[in-house]
Every structure is written in structure tokens, then in C-alpha cells.
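Read the structure below first, then the notes.
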There are 2 protein chains.
Amino acid sequence: MSSEGRTTRQQVAVRAALDSSAEFVSAQQLHAELRAAGERVGLATVYRALGKMSEGGEVDVLVRPDGETLYRSCSSGHHHHLICRGCGTTVEVAAPSVERWARDVAEREGFSDVSHTVELVGLCRACSQAVDMAP
Amino acid sequence: MSSEGRTTRQQVAVRAALDSSAEFVSAQQLHAELRAAGERVGLATVYRALGKMSEGGEVDVLVRPDGETLYRSCSSGHHHHLICRGCGTTVEVAAPSVERWARDVAEREGFSDVSHTVELVGLCRACSQAVDMAP
DNA sequence: TTAATTGCAAATCCTTTGCAGATTC
DNA sequence: GAATCTGCAAAGGATTTGCAATTAA
């Protein structure tokens, strides 16, 4: 498995940096961290490395509402987010039933190596009340 | 409800255009359609209108892997997508159990007016075999 | 009237690409 | 040694913003 291409110092560094974070991080963040750690890596290279890993299904990819792409090495503690569209508060939620459903659907459709993204967006209690009181 | 701001010809047009499509569409697509239909509307205005609707929870928002943002008026026939990361094939999947779960989680956390996005990304049968046969 | 909204174009931000030089196999 | 990979900077594409002119209320 994984016979494509050559392995370079930079690719190893990017993968290591990604593994060291349990959360989703952006390419720019990774690049900054690598630079801060003394690694000499170009931003474009970070993008290229992440692109390859993502093609190979080795990382989970997530696109934020503002268009920034976030990456996380697969199989970290897995959970989803419930986000308030008023104040941005984020609540982490586990979803064993959704995981199961995703696996079943994938199998039924003949897909393999499936990852999933789930996002819930709503109004938290506080913001909901703020709306009711609007002028 | 919805007491903010003034109602302009452009806003009405954007909303109408959005309603006329059952699928997700981008701001640029909407703008093109509106122009084609003879409406005189600026692209920035389309973005501003969609932004407001989305703040108010009046549309479902979805961000594609390439960073483009798609919009759909709420409560159209609701389903999710299973996408092949090899060839881009998309399968529509219903998910009553997920809908139920989303509603429950929202309620438990005190959130209201919650919409959700679910995306499954994997390798379809054909692409999976192609990988196995790789040179 | 008069404050909100529009339209345009310039500005931003993330991401991709062209190409010469460095590097892995 | 030869094909691949990197780095830089320039290009690309979607979205946002400044500001004068327009328009809803």
C-alpha cells in the first residue's frame, strides 16, 4: 500500500506535525508550527503534502464556513460539533449512532474507506433569548 | 419574526431565485441566473443577501471541499451525500436516524432552530479496485 | 427626508501553479 | 543520473469591503 512517490524530509515533518495535534488544523497553522519548530518548509509544500494524504484517505478533511480547509490525522478521538450561529460557541458531541449509520450506508453502497463530517448549526439558549428580545 | 432591515427588490429576487432551485447553489450561480433573467443585481449584493438569510437561519449552508459555499432554502426534500473521493460520483442518501439524532442532541444542549450537514466521503467500488490494480 | 442598501472595483484570504534548483531513488 | 519534489513568487478564485449614488420607509 502507498507506493506513490518519494518520501522527503518535508513530507515526514508535515505528517508528524499533523499527528501531534488531536484537533483539526489548517495548512497555514501547520506551516507556522513547522517554521517555529525550525523546520524549513514552504507553504506550498505543506499544501501539496496534505493534498496527497487527503487523496489517499489518510487524513480527515473539513472545510470551515469561511472556506478554510482543516485537516486531522485519521482516527483521533472522533466527535462532531454543534455550533451556535449567533455567538460561535461550539459544543463537542459524540455520535455513536451516526458512526454506525455512516458505516452501514457506505457498505450498502459499496464504498470503502469512508470518513464523514457532521455539523450541527443552531442557536444556543442565550442567543435564542437575545433574538426574542430584539428591539 | 425577521424585523431587521429593509426589503429591496434585489433581496426579493435573490430569495426567489434560491427558492426556485431544489438543490444547493452557489452565490455566483445565483448571480448568473439573476443576470440572465434580466435582474440587475450586483454580485456583492447577492452575497450580502445570502449572508443575511444564513444568519437568520433561513437557508441551509454547505461548503464544498474546494471552498465554494452553497446555499439552499430550508426544508426542501432533505438528504445527504456520499461522495467518491476518486471519481467524484455522488450518491444521495436519506438518513432518518441522523435527523432524529440531530434533533435530540440539539434539544439536550438547549439549541433551537438547528440545521445540519452530513457528508460521507469514501472510495466507490470502481475506484477501490483501480487502486488495488495500481502499477 | 434620511438612514439603509446597492454596485462597482479594489482589497483580502486561502489555495494552486510555473519553473529553476535541490533531492531522493 | 534522472525523475520527483521543493521553494518562491505570481496567479487564481471566492468572498468581503470602502464609498458614492440610490432607494425604501
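Lettering follows sequence order; numbering is per chain, from 1. Note: hydrogens, waters and symmetry copies are ignored here, and every other heavy atom, side chains too, is used.
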Practice task
List the protein contact pattern of nucleotides 11-24 of chain D with one symbol per nucleotide (5' to 3'): B for base contact, S for sugar-phosphate-only contact, - for none; contact means a heavy-atom distance under 4.0 Å.
Solution key: ---SBBBB-----B
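Between H116(B) and H80(B), the two ring planes are tilted [angle within 30° to 60°].
A straight line from CG of L62(A) to P of dT15(C) spans 12 Å, rounded to a whole angstrom. Atom CD in Q11(B) sits roughly 10 Å away from atom C1' in dT6(C) (whole-Å rounding). For H31(A) and dA9(D), the NE2 to C1' distance is 13 Å, given to the nearest whole Å.
At distances below 3.5 Å, not a single donor-acceptor pair connects side-chain atoms of R72(A) with backbone N or O atoms of V61(A).
Counting heavy-atom neighbours within 6.0 Å of R40(B) CZ, excluding the residue itself, gives a total of 12 or less.
The pair R15(B)-E58(B) counts as a salt bridge, with a side-chain nitrogen and a carboxylate oxygen less than 4.0 angstrom apart.
Partners of D19(B) according to the side-chain hydrogen bond (donor to acceptor under 3.5 Å, both in side chains) rule, which considers only residues two or more places apart in sequence or in another chain, are S73(B).
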